Each structure stands twice: as structure tokens, then as C-alpha cells.
*Asks:* 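Please read through the structure below; I'll follow up with questions.
Source: prediction; values computed, not measured. Residue numbers begin at 1 in each chain, while the letters A, B, ... track the order of the sequences.
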2 protein chains.
Amino acid sequence: MNQKTSKKTSSNKSNYHHGDLRSALINEATQILKESGVEGLSLRKLADRAGVSRTAPYHHFKDKNQLLCTIAEQGFERWQSDAELIFNRDDISAQQKYRVFFHGYIQYAADNPELYDLMFGRTIWKQNSATQALKDVAFPSFQHQVDMTKSWQKQGIMPSNENTLRLSQVTWGTMHGIARLLIDGIYADRTHIDEMCDCAVNLFTRQLSISDEVD
Amino acid sequence: MNQKTSKKTSSNKSNYHHGDLRSALINEATQILKESGVEGLSLRKLADRAGVSRTAPYHHFKDKNQLLCTIAEQGFERWQSDAELIFNRDDISAQQKYRVFFHGYIQYAADNPELYDLMFGRTIWKQNSATQALKDVAFPSFQHQVDMTKSWQKQGIMPSNENTLRLSQVTWGTMHGIARLLIDGIYADRTHIDEMCDCAVNLFTRQLSISDEVD
DNA sequence: GAGTTATCTTGACAGTGTCAATATAAGCTA
DNA sequence: TAGCTTATATTGACACTGTCAAGATAACTC
């Protein structure tokens, strides 16, 4: 399929109007992002790929930031549905669930490095440029992590003597840190991801049977 | 001091040659970085601030990346000397040293957010653009973390049943993750830094007196 | 069929990194 | 001191970037 001619069924009168430019832009942008990161995603290249002029995207997104936020939104939604699947499993113990969740988080980041960078990176958050729509998806996702931590503490999987908020910040921080070191190219070797995750989970959940029994 | 006139003692014949442009550029660039991050650091603005033409910096740095690597180098050197001070203390126990080290790491990141981002961020590492000089400072710094972990295990501060490399990756990952969440604007509230650090240190070093005694 | 609105276009501007060609002056050698 | 070499700085240019303003086109509404 080439861009200029087959917008609508090829013999159509005109393609001055694209028809479904907004979603075409999102798809194309997600693709470019995957290929070359935020740095490689320019609106002009994007417009070109979609077969429209440079400024056409501005009729669907206020600016580049708004487009990026929209893509990040989708990233959160996808991760959240992945996580749901894990939490809803009833074939494994709660402790195993935590382990799978941890692995799943890192795997999601490793599988979608550029998307993860967009979701949690400074491009959006540092300059405080998250749209309301993005916040509405992201904040509950953060909160969910806290809720789950509380539940893991209650179930005796995590130490109950630590403050829940601090504990969830630390455990999330660990996942985030490992993810970042991986996707930013500092841990080059990805074959040890699983071992790293296991090690972390061991540290957070070990020895509970000895000294941190549920009350 | 203003830029154009007081390059050399003010009544000097000419200022076609700056005299010490290289270090002037590094200083000015470090300042701009601190104020507005990598995104806000342009070579043209930098040259302007230093009172030279746009392309003058290219006689001292091959390109923008090389300048950034030089600044990152200094960041590693400064952190390393900070860390040395901690490790050389003999007024506190080894376990307390680890706690101070952890807090110190996060504090360094929080105090120099943009520098930390440059040192450990994707700008340099993701595109594999670190200069040899930078690698020569950074890699030993990473390795040092592993060596210290081994020593902490031997001293019974950290669990000795975990693989040293994995353990150091996880503990470093945790520090890095907390640092990143802070400097990228995701943990807005910095008043809880100390509590977070304490929580993490507790998790990594707790209960050793019970079940993980040194052999 | 006329008018409104959504969509898309070209033109323009200021900003970026970086190359090539040129100018200046400092340093070295004879 | 004169002349040559080399380090340093300059202007001009190019290809990019995000984004605004003004105008063209076509779809939707009455």
C-alpha cells in the first residue's frame, strides 16, 4: 500500500481529507517510537509517513506533547490489562503472584523500551506536561501499586512493620530502576533478567516465616 | 565580569582568541545544564554565553556529545570522591556505612538531578555514544559497587546466599530507581527521601542476626 | 443550494547541530 | 626580526526541528 493513492478505495475522487488521520497518526507514531525512540519521532516525518502535509497533525493534536501523552496513555492501559490478568489468576499462591507480577513488569519494559521510557520518563513528567487524560490513567496505576503492597503485607508476603507507602515506593523503585538500567543500555546483558528479578523478590519476601509472621 | 570585554585584563588589544575557552565552555555548560537540563543546553546558546561565535566550541569538542561526556565524567569523579569519604570513615559500623552510602547516593542525585540524568541517562548510554574517557571513569565506578557488595556479604551485612552480581544489580537498581523517580518528577515530595532510603536499607540488611549469620 | 465547520494546504519564522571556507593571531624556527 | 606552521575563531550555508497564520477544500447542516 502506498500512501498518496490508497487512502480510500483507490479509484476515489479525492484524498484531500484523509478520513481517519487521528488514529493513523497514533499508529504510525507508535511504530516510529518503537523503531527509533522519542528522539527519532518528529511530527514532520510522521506527517510524511501518513501521507499528509506537515501541519495536518495539528488539527488532531494541540502539539507534539499531546500526541506523546496519548501514546503513553495506551501504554498504561495495555500494562494495566496485562497486570489484571496476573492478579486474577487463581492457580498460583499470592507469593507466586508477586513473583510473576515482578517479572511481568520488567518484561513489559524490556519488550517496549521506548514506550516505557515515554510512560515513566522525564519527557512528559519532568516538564509537568502530562495531559489530564494521561494523569487519569497513570495515577490510579500508581495507586494500585500501593493498594497491592498493603494487601501483600496483610497476607504476610511482605514485612508488615514497614510503612506501606514507603515500602511500595521502594519496591516500585526497584522494578523501575532495573527496568531503566535495562532499557537505557546500562545493563547490556538481558539474559539475566529473570535471575535479577528472582533476587529482588527474594529480598523483599524472604524469611517471613521466621520473624515477620502475620499478626 | 562581563563576557566581551574582560576576557583578558580589560585594556588588552584583542579578544579574537578567548584564552581559555575549553574550560569556560565546560563551566558555562555545567551551569546551563543545572538550570535547564540537557534539553535546554544548546551549543549556540552556550557559545553566545561564552562570548564566542557559534562554531568556536567545535575546536575544543568534536560535537555536542563529546562535551556532554566530559561533563558526565566530572560528575562521576565528584561522586566517587564523595563515596570515598564515606567508605573511609572509621567512626561508624560497616552497616551504618551502607546506610550512609545509600542516603548519600540518593542525595547526590537529588542535589544534581540534571547531572545525574546525564551520567546515567539514555542521552549518552542508550545511543552508545560514551567516549572512552567517560567509560574509563564510569565502568570502575560500576565495578566498585559490585566489589563493595561482595564485601558487605562477607561482613554479614547482606545475605550471602544471593549471587553477588545479581545482588549488586538489584541494590544498585533500587538506588537508581528511587533516584530516577525523584529527579524525573514522579515522586514529587522530597521530604520523605530519608524514610524511603531507610526502608530500602532495612529490606536489604534486616534479619541477618536471625537467619543469615556470617559463617 | 447556501452557510458553517472540520480538515488539510502552503508559507513563514525561529531555533537546532554541524560542515566548509576563511580570517586572525600565537608560537616556533631560521 | 621575518616567515611558516598551527591553533583558534569567524561567517555562510544546509538540513533539520516545532509551530503559527492565512488560505483552500470538502464534508456536514439547514
*Asks:* Would you say that B:Met196 contacts A:Leu165 through its side chain, given a criterion of any heavy-atom pair below 4.5 Å between the two side chains?
*Replies:*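 Sidechains of A:Leu165 and B:Met196: no contact.
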*Asks:* Under 3.5 Å, which protein N or O atoms sit close to an N or O of nucleotides 13-16 of chain D? Give each pair with its distance.
*Replies:*
from, atom 1, to, atom 2, distance (Å)
D:dA13, N6, B:Arg54, NH1, 3.4

*Asks:* If every non-hydrogen atom of A:Pro140 is compared with every non-hydrogen atom of A:Gln80, which pair is closest and at what distance?
*Replies:*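 In this case the closest contact between A:Pro140 and A:Gln80 is C-NE2, 4.3 Å.
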*Asks:* Rounded to the nearest Å, what distance is computed from the CZ atom of residue A:Arg22 to the C1' atom of nucleotide C:dC8?
*Replies:*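 Rounding to the nearest Å, CZ of A:Arg22 and C1' of C:dC8 are 17 Å apart.
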*Asks:* Ion pair present between B:Lys45 and B:Glu35, side-chain N to carboxylate O less than 4.0 angstrom?
*Replies:*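 No.
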*Asks:* A:Phe101 and ring-ring contact (aromatic ring centres under 6.0 Å, His included): which single residue from A:Trp152, A:Trp172, A:Phe204 fits?
*Replies:*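 Answer to the ring-ring contact (aromatic ring centres under 6.0 Å, His included) test with A:Phe101 among A:Trp152, A:Trp172, A:Phe204: A:Trp152.
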*Asks:* CG of B:Leu43 versus C1' of C:dG15: gap in Å, rounded?
*Replies:*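 One finds 13 Å between C1' of C:dG15 and CG of B:Leu43, rounded.
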*Asks:* How many whole angstroms separate atom CG of A:Asp20 from atom C1' of D:dA26?
*Replies:*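 So the CG-C1' distance, A:Asp20 to D:dA26, works out to 17 Å.
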*Asks:* Take atom CG of A:Leu21 and atom C1' of C:dT9, then tell me their distance rounded to the nearest Å.
*Replies:*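 Rounded to the whole Å, the gap is 13 Å.
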*Asks:* Before you tell me yes or no, could you show the steps for A:Arg180 and A:Asp117 under salt bridge (charged side-chain N to carboxylate O under 4.0 Å, His left out), namely the whole-Å CA-CA distance, both residues' side-chain angles and the distance that decides it to 0.1 Å?
*Replies:* CA-CA 8 Å; A:Arg180 283 237 74 113; A:Asp117 178 49; 2.6 Å; yes
*Asks:* Do B:Gln145 and B:Thr171 have side chains that get closer than 4.5 Å, going by heavy atoms?
*Replies:*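 Side chain of B:Gln145 against side chain of B:Thr171, heavy atoms only: contact under 4.5 Å found.
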*Asks:* Would you say the ring centroid of A:Tyr108 lies under 6.0 angstrom from that of A:Tyr116?
*Replies:*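 No: the rings miss the under 6.0 Å criterion.
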*Asks:* Looking at A:Phe87 versus A:His144, is the centre-to-centre ring distance below 6.0 Å?
*Replies:*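 A:Phe87 vs A:His144: aromatic centres under 6.0 Å.
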*Asks:* Residues from residues 58-68 of chain B sitting under 4.0 Å of DNA chain D, heavy atoms only?
*Replies:*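 Of all residues in residues 58-68 of chain B, the ones placing a heavy atom under 4.0 Å from DNA chain D are B:His59, B:His60.
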*Asks:* Near DNA chain D, counting only heavy atoms under 4.0 Å, which residues of residues 122-134 of chain B show up?
*Replies:*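 Of all residues in residues 122-134 of chain B, none places a heavy atom under 4.0 Å from DNA chain D.
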*Asks:* Are a donor atom and an acceptor atom from the side chains of B:Gln95 and B:Thr205 found within less than 3.5 Å of each other?
*Replies:*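 Judged by distance alone, the side chains do pair up.
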*Asks:* Is the B:Phe120-B:Trp79 ring centre distance short of 6.0 angstrom?
*Replies:*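 That pair fails the under 6.0 Å test.
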